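Sequence positions, counted from 1, serve as the residue numbers for this chain. Source: prediction; values computed, not measured.
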Amino acid sequence: MENIVKAGIFGVCIGDALGVPVEFKKREELKKSAVTGYLEYMSWNQPKGTWSDDSSLTLCLADELTKGYDLEKIGESFVKWVQYGRWTAHGKLFDIGGTTKHSIARLIKGESAKFSRR
């Protein structure tokens, strides 16, 4: 079971790293020039193999779940991601979605993770 979980998490990160350079590209454009390997310095101006906020938050969550389920600790992990680049590909956050940013800002202000969603 452990290997299945690891494989799933690695799959998230690998797929994300393949997609980061072409994020926001239209399907028609990608059909003409399919992604067949790691690309760099395109949509987000990041080096090859860079994963995004999606993988970082997945890794934060997985890391905390290995210690048990504690919603506040999971929220603290997300705050560390924003403030210190925890579980980022290169130690620095380069993208965050609007709703995620809003929710984590509420955590930073001291709101309980139970109530930090929009």
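Between Trp81 atom CH2 and Ile104 atom CD1 the span is 5.0 Å, to the nearest 0.5 Å.
Listed for the Ser103 side chain is no donor-acceptor partner under 3.5 Å among the backbone atoms of Thr100.
Taking the side-chain hydrogen bond (donor to acceptor under 3.5 Å, both in side chains) definition, one finds that Gln83 meets it with nothing, sequence neighbours left out. In this structure Glu76 satisfies the salt bridge (Lys or Arg N to Asp or Glu O under 4.0 Å) test together with Lys73, sequence neighbours excluded. Every residue two or more places apart in sequence or in another chain was checked for a salt bridge (Lys or Arg N to Asp or Glu O under 4.0 Å) with Lys80, and none qualifies. Shown here are the side-chain contact (heavy atoms from CB on, under 4.5 Å) partners of Lys101, two or more places apart in sequence or in another chain: Ile96. Residues that satisfy the ring pair (Phe, Tyr, Trp, His ring centres under 6.0 Å) test with Tyr69, not counting sequence neighbours, are absent from this structure. Applying the salt bridge (Lys or Arg N to Asp or Glu O under 4.0 Å) rule to Asp63 yields the partners Lys67, Arg86; only residues at least two apart in sequence or on another chain are considered.
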Taking distance alone, no hydrogens or angles, what donor-acceptor pairs closer than 3.5 Å link side-chain atoms of residues 6-32 to residues at least two apart or in another chain?
residue, atom, partner, partner atom, Å
Lys6, NZ, Glu2, OE2, 3.0
Asp16, OD1, Ser52, OG, 2.8
Asp16, OD2, Ser52, N, 2.8
Asp16, OD2, Ser52, OG, 2.8
Asp16, OD2, Ser55, N, 3.2
Asp16, OD2, Ser55, OG, 2.8
Glu23, OE1, Trp44, NE1, 2.6

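When hydrophobic side chains of Ile, Leu, Val, Met, Phe, Trp and Tyr are connected at separations under 4.5 Å, Tyr84 ends up as a singleton with no cluster partners.
For residues 88-100, no residue pair satisfies the salt bridge (charged side-chain N to carboxylate O under 4.0 Å, His left out) rule, not counting sequence neighbours. Applying the salt bridge (charged side-chain N to carboxylate O under 4.0 Å, His left out) test to pairs two or more places apart or on separate chains, none has a residue in residues 38-59.
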